[in-house]
Amino acid sequence: MLDRQTKRVPLAALIAVTVVVFCWGMCWGRYTISLREFVSVALSKFLPVPETWSQNTENAVWVIRFPRLCGAFLVGAALAISGATYQGIFQNPLVSPDLLGVSSGACVGASLAILSGWTSGWIQLLALAGGLLAVAMTNLVPRLLGNRSNLMLVLAGVIVSGFFSSVQGLLKYLADPDTQLAEITFWTMGSLNKVSMADVLSTVLPMVLCMAVLVGLRWRINLLALGEQEARTLGVHVTRVRGVAILCATILTACSICLAGTVGWVGLVMPHLGRLLVGSDNRRLIPASIFLGASFLILIDNLARNLTASDIPLSILSGFLGAPAYAWLLVRQRTKV
């Protein structure tokens, strides 16, 4: 996996792209804000800037767009770095962050909260609990069978995902078709429409901590990508490193689902794009995935809230853009072989 000769895009360039996309998202919308107005409003929080903007502009910046774009940044970054981590650990470029059943479990948790008529805070909490429960069940199966190989863990993830998908189907069948079913369906398709600053603040600390841990483990993930036997020979505690990495990636994915529901393709496609730009070395790929995923989801969310009169679910747009991009990456890789 470790390529020696690859055209490398500097990490600073990816950070700059993310900043540009973020500022564009703050300015573009049905209520257009000039870049100068946005900068003035932003600086007014820290410096005595003459107030030349309306109250509507300030509300659009701080109340509506800033929390939503911060949520898009966190969700995109979390899914992309989780995907890169899973692909490195399991030595499989087709792996995505929901490999171990976290998405299915989170959907069941959220659906239970919706059927119970609970508030959005409880929906997020039960989604997190459901995702963690699904991954715990996935890790329990190899232990019960006495086989903790990567293959057995993946197969356990397929089993648990199938079980929770059946439970999700039952909950949809029991839901009120006029109210609850529509809410469950929209939630499972992904949206940042209802994200508030309180939601962002409730998840930012665990997400940032987990990303920091994965960045710190990136060279050990390189060794895991060589195979378990080779990694042990090089002094890596395979079970411990793999467990910590999977735990952090799971928490990131579950927190992302809490904020935005299920969003497809980000964790699968962005690591591949990262390999194209910075190479397969996880020391560069994992940090790069953070900003590639963040830029992609900010772009998707900007399109979702501005293309039509109502918000388009994120998974629809991510699929329309992600599937052709993934096909192009596969074709490009095939022509290189």
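In this text, all values refer to a predicted model and were calculated from it rather than measured experimentally.
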J.: Is L205 isolated, or which residues cluster with it under the ILVMFWY side-chain rule of less than 4.5 Å, directly or via members?
T.: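 Besides L205, the cluster holds L209.
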J.: Please determine whether residues L277 and L321 belong to a single hydrophobic cluster, defined as Ile, Leu, Val, Met, Phe, Trp and Tyr linked transitively by side-chain heavy-atom distances below 4.5 Å.
T.: yes
J.: If I take atom CZ from residue R232 and atom CG from residue L224, how far apart are they, to the nearest 0.5 angstrom?
T.: 9.5 Å
J.: With a 3.5 Å cut-off and no angle check, do the side chains of Q168 and S104 form a donor-acceptor pair?
T.: no
J.: Report whether I286 and I251 are members of the same hydrophobic cluster (ILVMFWY, side-chain heavy atoms less than 4.5 Å apart, transitive linking).
T.: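 Per the 4.5 Å side-chain linkage, I286 and I251 are not co-clustered.
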J.: Mind checking whether I246 and L153 have side chains closer than 4.5 Å, heavy atoms only?
T.: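 Counting from C-beta outward, I246 and L153 do come under 4.5 Å.
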J.: Hey, does C255 have a side-chain heavy atom less than 4.5 Å from the side chain of L259?
T.: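 No - every pair of side-chain heavy atoms lies 4.5 Å or more apart.
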J.: Check whether D301 reaches the backbone of L297 with its side chain - one donor and one acceptor, N or O, closer than 3.5 Å.
T.: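 Not confirmed, D301 side chain does not pair with L297 backbone.
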J.: Establish, from distance only, whether the side-chain atoms of T253 and S256 form a donor-acceptor pair under 3.5 Å.
T.: no
J.: Might you point out which heavy atoms bring S310 and R30 nearest each other, and give the distance in Å?
T.: N-NH2, 4.0 Å
J.: Quick check on R143: does its CZ atom have over 12 non-hydrogen neighbours (other residues, nucleotides or ligands) under 6.0 Å away?
T.: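 Count not over threshold, so no.
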J.: Which atom names give the shortest non-hydrogen contact between P287 and F291, and what distance separates them?
T.: O-CD1, 3.5 Å
J.: Using side-chain heavy atoms (C-beta onward) and a distance below 4.5 Å, is E183 in contact with I123?
T.: yes
J.: Calculate, to the nearest 0.5 Å, the distance between atoms CG and CH2 belonging to L314 and W265 respectively.
T.: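 L314 atom CG to W265 atom CH2 measures 15.5 Å (nearest 0.5 Å).
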J.: Side-chain heavy atoms under 4.5 angstrom apart, residues restricted to Ile, Leu, Val, Met, Phe, Trp, Tyr: same cluster for V17 and L299?
T.: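 Linked within one cluster.
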J.: Using a 4.5 Å cut-off on heavy atoms from C-beta on, say whether the side chain of V160 contacts that of L100.
T.: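 No, every pair of side-chain atoms sits at 4.5 Å or beyond.
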J.: Report the C-alpha separation of R284 and L11 in whole Å, then their side-chain angles, then the decisive distance to 0.1 Å, and conclude whether the side-chain contact (heavy atoms from CB on, under 4.5 Å) test is met.
T.: CA-CA 8 Å; R284 299 189 301 272; L11 184 61; over 6 Å; no
J.: Is the closest side-chain donor-acceptor distance between S196 and D199 under 3.5 Å?
T.: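 Per modelled atom types, S196 and D199 side chains form a pair under 3.5 Å.
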J.: Flag the pair N193 / R68 as yes when at least one side-chain heavy-atom distance between them is below 4.5 Å, and no otherwise.
T.: yes
J.: In terms of heavy-atom contacts, does CZ of F320 have more than 12 from other residues, nucleotides or ligands at under 6.0 Å?
T.: no
J.: May I ask you to decide if S315's main-chain N or O and S318's side chain share a donor-acceptor pair within less than 3.5 Å?
T.: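 Yes.
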J.: Ignoring hydrogens, what is the shortest heavy-atom contact between T85 and I221? Give both atom names and the distance.
T.: CG2-CD1, 3.9 Å
J.: Looking at W118 and L126, what are the two nearest heavy atoms and their distance?
T.: CZ3-CD2, 3.7 Å
J.: Check the pair S111, W187 against side-chain contact (heavy atoms from CB on, under 4.5 Å), reporting the backbone distance first and the verdict last.
T.: CA-CA 9 Å; S111 298; W187 191 90; over 6 Å; no
J.: Using 0.5 Å steps for rounding, measure from the CG atom of L307 to the CD1 atom of I316.
T.: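 Output value for this atom pair is 11.5 Å.
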J.: Find out if a path of hydrophobic residues (ILVMFWY) with successive side-chain heavy-atom gaps under 4.5 Å connects L128 to L79.
T.: no
J.: Assess whether atom CZ of F163 is packed by more than 12 heavy atoms of other residues, nucleotides or ligands within 6.0 Å.
T.: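 Atom CZ in F163 is not packed in, count stays at 12 or less.
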J.: Would a 4.5 Å heavy-atom cut-off, applied to side chains only, mark V241 and L223 as touching?
T.: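 When only atoms from C-beta onward are counted, L223 and V241 do not touch, as no gap falls below 4.5 Å.
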J.: side-chain contact (heavy atoms from CB on, under 4.5 Å) between L303 and W28: does it pass, once the steps are laid out?
T.: CA-CA 10 Å; L303 296 176; W28 184 46; 4.2 Å; yes
J.: Taking all atoms of both residues into account, what is the closest heavy-atom pair of V21 and S295, and its distance?
T.: CG1-O, 3.9 Å
J.: Does some side-chain heavy atom of Y86 sit less than 4.5 Å from a side-chain heavy atom of N92?
T.: no
J.: Just wondering, do L170 and V167 contact through their side chains at under 4.5 Å, heavy atoms?
T.: no
J.: Rounded to the nearest 0.5 Å, how far apart are CZ of R242 and NE2 of H237?
T.: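 One finds 11.0 Å between CZ of R242 and NE2 of H237.
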J.: By ring pair (Phe, Tyr, Trp, His ring centres under 6.0 Å), which residues pair with F22, not counting sequence neighbours?
T.: none
J.: Is there a donor-acceptor pair under 3.5 Å between the side chain of R65 and the backbone N or O of M26?
T.: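 Confirmed, R65 side chain pairs with M26 backbone.
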J.: Does L268 form a side-chain contact (heavy atoms from CB on, under 4.5 Å) with Q87? I'd like the steps, not just the answer.
T.: CA-CA 9 Å; L268 178 62; Q87 290 173 12; 4.0 Å; yes
J.: Keeping S166 on the side-chain end and G162 on the backbone end, is there a donor-acceptor pair under 3.5 Å?
T.: yes
J.: Are more than 12 heavy atoms from other residues, nucleotides or ligands located less than 6.0 Å from atom CH2 of W122?
T.: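 Not buried by this count: 12 neighbours or fewer within 6.0 Å.
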J.: Within this structure, what is the CG-OG distance for the pair L125 and S202, rounded to the nearest 0.5 Å?
T.: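 Between atom CG of L125 and atom OG of S202 there are 10.0 Å.
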J.: When rounded to the nearest 0.5 angstrom, what distance separates CG in N306 from CD1 in I312?
T.: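 N306 atom CG to I312 atom CD1 measures 9.5 Å (nearest 0.5 Å).
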J.: So, D98 and S96: side-chain donor and acceptor under 3.5 Å apart, yes or no?
T.: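 Side chains of D98 and S96: pair found under 3.5 Å.
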J.: Given the rule that I, L, V, M, F, W and Y join up when any side-chain heavy atoms are under 4.5 Å apart, are L247 and L140 in one cluster?
T.: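 No: no chain of side-chain contacts under 4.5 Å links L247 to L140.
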J.: Looking at A231 and V238, what are the two nearest heavy atoms and their distance?
T.: CB-CG2, 3.9 Å
J.: With sequence neighbours excluded, what pairs up with F66 under the ring pair (Phe, Tyr, Trp, His ring centres under 6.0 Å) test?
T.: W62
